[in-house]
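Structure record follows, encoded as C-alpha cells.
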Amino acid sequence: MTLRALIFDVDGTLAETEEAHRSAFNAAFVQAGLDWFWSVSLYTELLRVTGGKERIREYARRCVPEWLQLPDVDARIRALHARKTALYAAAVRAGAVQLRPGVRRLIDECHARRVRMAIATTTSEANVRELLDGCLGADPFDCIVAGDAVAAKKPAPDVYVAVLKRLDLSASACLAIEDSAAGLAAARGAGIATLVTPSAYTRDHDFNGALAVVPSLEPDIHFDVLARWHAGGTSPGAFPS
Ligand code: XBP
Ligand code: MG
C-alpha cells in the first residue's frame, strides 16, 4: 500500500516540550499555593500517565491522597491545569521550545510532495497551535486531533482512529511518528505502522512493535526512506539502510 500520510505526535516528537510542561506545572503549583514540586525523576515516572489533568490526579493519588478528598476536586484539577496551560503557552511564545532536528525538513518535504500530514496528540489543540505558530509559522496539517476531543487518551487508540476518519484513509496508507511507549501503543492499536524517535524523557521505554527506532529524524529520515520501510512492513533495524 502506498504511503499517503504521516501522522505526528507532538510532545517529545515534534519538539522536546516536556521540560516546558514540567516548569509550567511547577509554576502553577506555586501560584496555587501548593508545596508540590515535580523533579525530573518524578516527572519521568509521572509521564507514563498521559494528559496533564490525569497526571495531576495520579500525583495526588500517590503523594497527597488527602488532597483528593477536598470538595470539588475535579474543578480544582481543571483550574490547576488551566493555570498550567496558560503558563506553558507563555513559555512557548517566549521561545522556550524548538522543533527537534529534521522535523521541519521532513514537513517541508511532505508539503512539497503533497503527502498529507496530521497530528494525533494528548495535549490540547491550543498548545499545538502555540507550538506551530512559534516554531513553524504555518499550519501544514490536514487535521489536528487532541486528547480532550476523544473518549480515551493514549495509550488508547482513539486519537489515531479519529485522525484516520478525518483523513478518510485506511491505517495501512499511513505512518505514525511517536516518541513514547504510550504513543506507540495508541498508533499500533489503530493498526498504523509506527516510527519511534525517543525523546529525552522516553529513552528507557519499551518500543517493541515499532517499524523502526531512530535517535533523530536527522540526517537520514527522508520521506522516500519512510515509504520504503512502510512498503516493506518490517523493521530495517535501528537505523535506516
Ligand atoms: C504528551 C502528554 C501531555 C503533555 C502535557 O503525550 O502526555 O500530557 O505532557 O499536556 P503524547 P497537557 O506525546 O503521547 O501525546 O498538560 O496539555 O495534557
Ligand atoms: Mg509524545
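What you see below is based on every heavy atom in this structure, not just the backbone, and it leaves out hydrogens, waters and symmetry mates. Atoms within each ligand, like the ligands themselves, are counted from 1 in listed order.
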- prompt: Any chance the side chains of Ser172 and Ser170 put a donor and an acceptor closer than 3.5 Å?
  reply: yes
message: As a quick check of understanding, evaluate salt bridge (Lys or Arg N to Asp or Glu O under 4.0 Å) for Glu45 and Arg62, giving each step before the final call.
response: CA-CA 11 Å; Glu45 283 175 43; Arg62 280 202 217 179; 2.7 Å; yes
- prompt: In ligand 1, which numbered atoms sit nearer than 4.0 Å to a non-hydrogen atom of Tyr43?
  reply: 9 (O)
query: Numbering the atoms of ligand 1 from 1, which are under 4.0 Å from a heavy atom of Asp9?
result: 11 (P), 13 (O), 14 (O), 15 (O)
message: I'd like to check whether Glu18 has a polar contact with ligand 1, where a contact means an N/O of the residue lying under 3.5 Å from an N/O of the ligand.
response: yes
Within 6.0 angstrom of Asp204 CG, more than 12 heavy atoms from elsewhere: yes
Heavy-atom closest pair, residues Thr122 and Gly51: CG2-N, 3.3 Å
- request: Answer yes or no: does an N/O atom from Gly51 fall short of 3.5 Å to an N/O atom of ligand 1?
  value: yes
- prompt: Looking only at distance, does Lys153 have an N or O less than 3.5 Å from an N or O of ligand 1?
  reply: no
- request: Please report the number of protein N, O or S atoms that lie less than 2.8 Å from the Mg ion (ligand 2).
  value: 3
Atoms of ligand 1, numbered as shown, that sit under 4.0 Å from any heavy atom of Asn127: 17 (O)
message: In this structure, does ligand 1 have an atom that sits under 4.0 Å from one of the heavy atoms of Val10?
response: no
query: Under 3.5 Å, is there a donor-acceptor pair between the Asp11 and Thr17 side chains?
result: yes
message: Determine whether the aromatic ring centres of residues Phe29 and Trp38 are separated by less than 6.0 angstrom.
response: yes
task: Answer yes or no: is there a side-chain heavy-atom contact under 4.5 Å between Ile107 and Leu136?
output: yes
task: Look only at interatomic distance and state if Lys53 has a nitrogen or oxygen under 3.5 Å from any nitrogen or oxygen of ligand 1.
output: no
task: Consider ligand 1: state whether an atom of it lies below 4.0 angstrom from any non-hydrogen atom of Tyr201.
output: no
message: At less than 4.0 angstrom from any non-hydrogen atom of Arg55, what atoms of ligand 1 do you find?
response: 2 (C), 3 (C), 4 (C), 5 (C), 7 (O), 8 (O), 9 (O)
statement: ligand 1 to Thr123, heavy atom cutoff 4.0 Å, flagged ligand atoms 10 (O), 12 (P), 17 (O)
message: Could you check whether Arg104 pairs with Asp108 (Lys NZ or Arg NE/NH1/NH2 to Asp/Glu carboxylate O, under 4.0 Å)?
response: yes
- request: Please determine if Glu178 has a nitrogen or oxygen closer than 3.5 Å to a nitrogen or oxygen of ligand 1.
  value: no
- request: State whether a side-chain donor-acceptor pair under 3.5 Å links Tyr201 with Glu19.
  value: yes
- request: Report, in ascending order of atom number, the atoms of ligand 1 lying under 4.0 Å from any heavy atom of Lys84.
  value: 5 (C), 10 (O), 12 (P), 16 (O), 17 (O)
- prompt: Who's the nearest protein heavy-atom neighbour of atom 1 (C) of ligand 1, and how far?
  reply: Asp11 OD2, 3.5 Å
query: Is any side-chain N of the basic residue among Arg100 and Asp179 closer than 4.0 Å to the acidic one's carboxylate O?
result: no
task: Any atoms of ligand 1 less than 4.0 Å from a non-hydrogen atom of Lys154? List them with their elements.
output: 11 (P), 14 (O), 15 (O)
- prompt: Counting only N and O atoms by type, is there a donor-acceptor contact under 3.5 Å from the side chain of Arg116 to the main-chain atoms of Leu167?
  reply: yes
- request: Dump the intermediate steps for salt bridge (Lys or Arg N to Asp or Glu O under 4.0 Å) on Lys154 and Asp9, then the final yes or no.
  value: CA-CA 11 Å; Lys154 300 173 188 178; Asp9 166 52; 2.9 Å; yes
field: Pairing of Arg22 and Glu18 as salt bridge, 4.0 angstrom limit
entry: no
field: Contacting atoms of ligand 1, where contact means under 4.0 angstrom from a heavy atom of Thr50
entry: 7 (O)
message: Below the 3.5 angstrom mark, is there an N/O of Gly52, backbone or side chain, next to an N/O of ligand 1?
response: yes
statement: d(Arg55 CZ, Lys153 NZ) to nearest 0.5 Å is 9.0 Å
